[in-house]
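Residues take their numbers from the sequence shown, with the count starting at 1.
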Amino acid sequence: MKIVIIEDEILAAKRLENMIKAYDRGIEIVALLESVSESVKWFTKNVQPDLVFVDIHLEDGLSFTIFESVKVNAPLIFTTAFDQYAIKAFKLKSIDYLQKPINQEELNKALDKYK
């Protein structure tokens with residue numbers, strides 16, 4: 001499985017990457033993206049991943065802008081400290097909505113749901 005993580009806090013991104021690897025060492029993190037603009041460029045130039053973990057608040061705006069700018073076919077798991085975006089997130093191709101701080105059990109359930 002190939003996963004993209006979109007998260008502007010580098011420590012949070014690395015923590016999520018480690019948690020995903022704890023779930024399954026065979027998962028490949030193909031990109032760690034920090035902004036809307038970087039994500040739009042990446043999805044324009046690369047093969048779609050199997051799954052995307054995406055924070056809602058990024059350094060240059062809300063991540064929803066990414067999906068208004070480029071077609072992303074992969075299912076999404078939103079990760080955020082805010083719950084007010086849940087409905088909007090589920091209207092996209094979202095399979096789960098994890099509130100920060102993410103714990104391993106919730107992450108495992110989200111990945112099981114994806115499978």
Side-chain angles (χ1 to χ4, degrees):
M1 178 186 335
K2 295 177 189 266
I3 292 179
V4 167
I5 296 173
I6 304 172
E7 169 64 66
D8 62 344
E9 296 176 31
I10 201 69
L11 292 177
K14 287 296 186 185
R15 181 176 181 270
L16 179 56
E17 180 178 16
N18 290 336
M19 292 173 75
I20 292 168
K21 291 288 188 174
Y23 174 83
D24 181 347
R25 299 226 50 80
I27 293 174
E28 181 183 356
I29 307 300
V30 295
L32 290 172
L33 308 170
E34 296 182 24
S35 67
V36 170
S37 61
E38 182 181 22
S39 299
V40 168
K41 287 177 191 170
W42 192 92
F43 281 104
T44 302
K45 297 178 181 180
N46 292 278
V47 175
Q48 296 277 323
D50 299 309
L51 181 62
V52 178
F53 281 84
V54 58
D55 186 13
I56 291 178
H57 283 268
L58 300 172
E59 64 185 33
D60 59 347
L62 297 177
S63 62
F64 299 117
T65 307
I66 298 165
F67 312 111
E68 294 165 0
S69 302
V70 293
K71 184 162 178 68
V72 176
N73 296 320
L76 308 170
I77 296 177
F78 283 92
T79 59
T80 185
F82 306 96
D83 62 0
Q84 71 260 34
Y85 298 106
I87 292 172
K88 187 170 184 175
F90 278 110
K91 288 184 179 182
L92 293 170
K93 201 172 180 176
S94 174
I95 60 169
D96 215 329
Y97 191 93
L98 303 176
Q99 283 198 278
K100 294 177 182 177
I102 299 167
N103 70 52
Q104 189 70 51
E105 184 179 337
E106 289 175 359
L107 177 71
N108 293 352
K109 286 178 183 177
L111 287 165
D112 287 344
K113 187 190 298 186
Y114 165 75
K115 285 184 170 182

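- Residue E7 forms a side-chain contact (heavy atoms from CB on, under 4.5 Å) with just one option from K14, K100, R15, H57, and that option is K100.
- The two residues D96 and A110 make their nearest non-hydrogen contact at OD2-CB, 3.4 Å.
- In this structure, A74 and P49 approach most closely via the heavy-atom pair CB-O, 3.3 Å.
- Here the closest non-hydrogen pair linking F43 and V52 is CZ-CG2, 3.9 Å.
- Taking 4.5 Å as the limit, some side-chain heavy atom of L51 sits within range of a side-chain heavy atom of I95.
- When side chains are defined from C-beta on, T65 does not count as touching V40, because their heavy atoms never get closer than 4.5 Å.
- Contact of the I20 side chain with the I5 side chain is registered, since non-hydrogen atoms from C-beta on lie closer than 4.5 Å.
- With rounding to the nearest 0.5 Å, the separation of CG in L16 from CD in E9 is 12.0 Å.
- The minimum heavy-atom distance between L32 and E17, with the atom names listed, is CD1-OE1, 3.8 Å.
- Atom CG in N18 sits 9.5 Å away from atom CD1 in I29 (nearest 0.5 Å).
- For the residue pair S39 and S35, the shortest heavy atom distance occurs at OG-O, 2.7 Å.
- With sequence neighbours left out, the salt bridge (Lys or Arg N to Asp or Glu O under 4.0 Å) criterion links E28 to K2.
- No more than 12 heavy atoms of other residues, nucleotides or ligands shown are found within 6.0 angstrom of CG on L11.
- The line from CG of N108 to CD1 of I102 is 11.5 Å long, rounded to the nearest 0.5 Å.
- When side chains are defined from C-beta on, W42 does not count as touching I66, because their heavy atoms never get closer than 4.5 Å.
- Remark: K21 engages no residue in a salt bridge (Lys or Arg N to Asp or Glu O under 4.0 Å) (not counting sequence neighbours).
- Summarising the geometry, atom CD1 belonging to I56 is positioned 7.5 Å from atom CG belonging to L62; distances are rounded to the nearest 0.5 Å.
- Side-chain contact between K115 and M1 is present, with at least one heavy-atom pair separated by less than 4.5 Å.
- Rounded to the nearest 0.5 Å, atoms CD (Q99) and OG1 (T79) are 11.0 Å apart.
- N103 contributes a side-chain N or O that, together with a main-chain N or O of E106, makes up a donor-acceptor pair within less than 3.5 Å.
- The minimum heavy-atom distance between I3 and L111, with the atom names listed, is CD1-CD2, 4.4 Å.
- Note: F78 and F67 have perpendicular aromatic rings, judged against thresholds of 30 and 60 degrees for the angle between ring planes.
- Counting heavy atoms from C-beta on, the side chains of Q48 and V72 come closer than 4.5 Å.
- Taking CG from D8 and OG from S63, the interatomic distance works out to 10.0 Å, rounded to the nearest 0.5 Å.
- Side-chain contact between L107 and F53: present, with at least one pair of heavy atoms (C-beta onward) separated by less than 4.5 Å.
- With sequence neighbours excluded, no residue forms a salt bridge (Lys or Arg N to Asp or Glu O under 4.0 Å) with K41.
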